[in-house]
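Only one structure is covered here, and it is reproduced in the block below.
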Amino acid sequence: MPEKSESESRKLLKKLKETLSEESAGQERLDKITNIIAAAMKTHVCSVYLLRDEKTLELCATQGLKKSAIHQTRLKIGEGLVGKVAKSIESINTENAPSEKGFRFMPETGEGIYSSFLGVPIQRLGKTLGVLVVQTKHSRSYTEDEVYGLEVVAMVLAEMTELGAFIGDGEALSPLHTKPVTFNGEINHEGVADGAVYLHEPRVVITNPIAEDPHEEVRRLDESINVLRTSVDRLLESADSIIESDQKKILDTYRMFANSRGWVRKMKENIALGLSAEAAVEKEQSLTRARMEKVPDAYLKDRLHDLDDLSNRLLRILTGQGKETGAIVPKNPILVARNIGPGELLDYGKSLKAIVLEEGSIGSHASIIARAWNIPLVIFAKNILIEALNGDPILVDGDLGIAHLRPDETIVKAFKDKILMQKEAQKKYASIRTLKARSLCKTVIQMNMNAGLLGELPSLEKSGADGIGLFRTELQFLTRSKFPKRAELATMYSSVLDAAKGKNIIFRTLDIGADKILPFMKVQAELNPSLGWRGIRQSLDKKIVTKIQLQALIRGSNGRDLSIMFPMISEFSEFSEARELVLAQLSKEKKSGKILPKHIKIGAMLEIPSLAYTSEKFFDQVDFISIGGNDLKQFFFAADRDNELVRNRYDTLNTSFITFLKKIIRRCENSKTPLSFCGEDAGRPIEAICLAAIGIRSLSMRAPSIGPVKSLLRKVNLNDIKTVINTSIKDGESSVRQAVTDHLNGI
Ligand code: PEP
Ligand code: MG
């Protein structure tokens, strides 16, 4: 970067800083800024377009174009050259704008007389906030230094936009971080919560994008880079003992980025132009993010993600903000994140009041944990991370899949009423806690709960559950950095049985694969992990792990009853091989003098359709069957349970699926095999009564669902529901839902 343009850029930024520190209204500030930029760059026009909403840019200030066009001229993202810059998040530099493809003439601005055009994106971390444009009457091309300089100015504008510098009496744009905003996401787990935003990865707020002393900024950057490198080295050393060699290679690339001279050089160039160390880091990070959006290659994307992660760490070191540096957890924290893994969620613990994700998926294990803890969860709250700041007040309505950020008075009032109503409902469920789930036709349905964490066991008592119909043992592994020892597992299983106080618990053996990836596990590159090496397939191929778990279960039971269930069984031979393994461990334990369980039951999950058609021998041999509806439905309809595009496409009460379930029920009745249903649908009242009506006598669900399901069960006659279902099937309906709902509305 030549000395001259360096000092000019610094002069320009200094003037901007002065304007920004003056007491003036938002519009006035923005007007002054366009004047300063046009004068410094010797252009006839300088205009600032800012996002009015997600799809529209608005001319918010200009020097050179007609003033009457301010707040009148609007463009769609992608429309005209300005819209193109916003869409591609790339600068456009042209000598003759009207001859450029995509140029759109806007007569109200009077811009027809201008020839040259340089538009740079006003962006923050890969998200467009607006476009900064300079134009001249004569045809000229802008030098690389000029483009770079204007990008630096745009970066400062982006920071100031986010900090609300252009908001005031004469408001220049819709302010971020101040007004109430409602995010319409999707329902993942119901419930309401009132609290404050707690960012999973707090965005770093840069309050000082411009700095006058570049030497001091370079010193701060160097110092922070050293801290970063040491922390990365330490991180990798601690990971050494628990990772496989090919993962090590990936971590080495991470270290390589931290030591990259090119990265540091570019940040120092940004400082030389007048940016503070933080802003310099973020300018590079914004470029990385923009690139990340565009590269199709998954490997490259991951590496760019590494670089993004390093930039975040560096920013937190520089600013002293963020989790590692002790960000304060607000009262009633509501976690807001792009996405979250089950291990990370377990780290936060149950103190969270709700979770709002920009991405997420309904069937993921993180969702299952949130549901198990009865924490409202909203997914697909698009762009909430742009708006939310740590500590912002937020109301989460999990029943509607909505999050109200910085809500106004009316919303707060309506929300409080809703919370009150829910409390009333809870009181009603508590009053039937000790009563049986007996329908009007006197059928008693066993009400079990699903669990997987020790912390959930108190719900056994509170919910009035008869037992635990599904204990997902893999959840215990998700927070570990290595495979737990057998003794440790045995102690844990023993505590689970202690807490159950004699109620039956069905332990499901490790169900790993697809979305259930243990942190210390070598991930197999599979094209189709849901149909891949998972569940029992892994357990039978990696017998040592299965044997350790089975021994731990036997030792943990220590003379008490033990029920074990295997996941993802496709055919009889898989079950009998797994069963043999249990029998072998029992005799081994007996030989070494251990106390055997008083009774042992060995069951299977029916979650792969083929098992419904397997040999009669299976039904004779298995002690019990539990239908894993989540997976059974995904394989029955060939619709990924985690893919939001198809997840809701097929109704659980679809007549084909109901007919299929009836077949399973018939086979179990004929062989007198106890049958239960433990997928998420067991906890949805209408689905639950339909399952009971077609003959399922045991349901296992999230503890908080027991009240609502029991309450409805006690009000219905299952024979009537059965008739409604059968008529619906006979009439060729695609789902029995409508007919059942109509029937319920009539009682
Ligand atoms: C299921 O598939 O329905 C089930 C209960 O198991 P998971 O959700 O753990 O796969
Ligand atoms: Mg399953």
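The first residue of the sequence shown is numbered 1, and numbering continues consecutively from there. Indexing begins at 1, ligand by ligand and atom by atom, following the structure's order. As a basis for the values below, the full set of heavy atoms in this structure was taken, side chains included, without hydrogen atoms, waters or symmetry mates.
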Counting only heavy atoms closer than 4.0 Å, does ligand 1 sit against the backbone of [X], its side chain, both, or neither?
X	result
K633	neither
L632	neither
M701	neither

Query raised in the report: Going through the distances and angles, do Q738 and D742 end up as a side-chain hydrogen bond (donor to acceptor under 3.5 Å, both in side chains)?
Result: CA-CA 6 Å; Q738 190 58 49; D742 289 347; 3.0 Å; yes
Report task. Ignoring angles and geometry beyond distance, decide whether E607 reaches within less than 3.5 Å of ligand 1 through its nitrogen or oxygen atoms. Result ->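 Yes, E607 has an N/O under 3.5 Å of an N/O on ligand 1.
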Report task. Could you say whether the N/O atoms of R534 and ligand 1 ever approach to under 3.5 Å? Result -> no
Query raised in the report: Do the ring planes of F660 and F636 sit parallel (below 30°), tilted (30 to 60°) or perpendicular (above 60°)?
Result: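 Correct class here is parallel.
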Atoms of ligand 1, numbered as shown, that sit under 4.0 Å from any heavy atom of [X]:
X	result
L470	5 (C)
G679	3 (O)
D631	1 (C), 2 (O), 3 (O), 10 (O)
G629	3 (O)
C678	5 (C)

Query raised in the report: So which of D681, N450, N630 gets nearest to atom 3 (O) of ligand 1, if we judge by its closest heavy atom?
Result: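 That would be N630.
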Can you check whether [X] reaches [Y] side chain to side chain, under 4.5 Å on heavy atoms?
X	Y	answer
N184	F380	no
S557	L497	yes
M568	E574	no

Query raised in the report: Does E680 have a heavy atom less than 4.0 Å from any atom of ligand 1?
Result: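 Not so, E680 does not reach ligand 1.
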Query raised in the report: Has R641 got any heavy atom lying under 4.0 angstrom from an atom of ligand 1?
Result: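 Heavy atoms of R641 do come under 4.0 Å of ligand 1.
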Query raised in the report: Which heavy-atom pair separates S610 from S570 by the least distance, and what is that distance?
Result: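 Closest pair (atom of S610, atom of S570, distance): OG-O, 2.8 Å.
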Query raised in the report: Are F657 and Y650 an aromatic pair by the rule of ring centers under 6.0 Å?
Result: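 Centroid distance F657-Y650: not below 6.0 Å, so no.
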Report task. Measure from the side-chain N and O atoms of R555 to the backbone N and O of Y493, and report whether any donor-acceptor pair falls under 3.5 Å. Result ->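 No.
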Query raised in the report: Within the distance-only criterion (no hydrogens, no angle test), does the side chain of K353 pair as donor or acceptor with the backbone N or O of V396 below 3.5 angstrom?
Result: no
Query raised in the report: N/O/S atom of D511 under 2.8 Å from the Mg ion (ligand 2), yes or no?
Result: no
Query - N/O/S atom name from D631 that is nearest to the position of the Mg ion (ligand 2) - result: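 Among the N, O or S atoms of D631, the one closest to the Mg ion (ligand 2) is OD2.
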Query raised in the report: Side chains of T473 and Q549: do they bring a donor and an acceptor to under 3.5 Å?
Result: yes
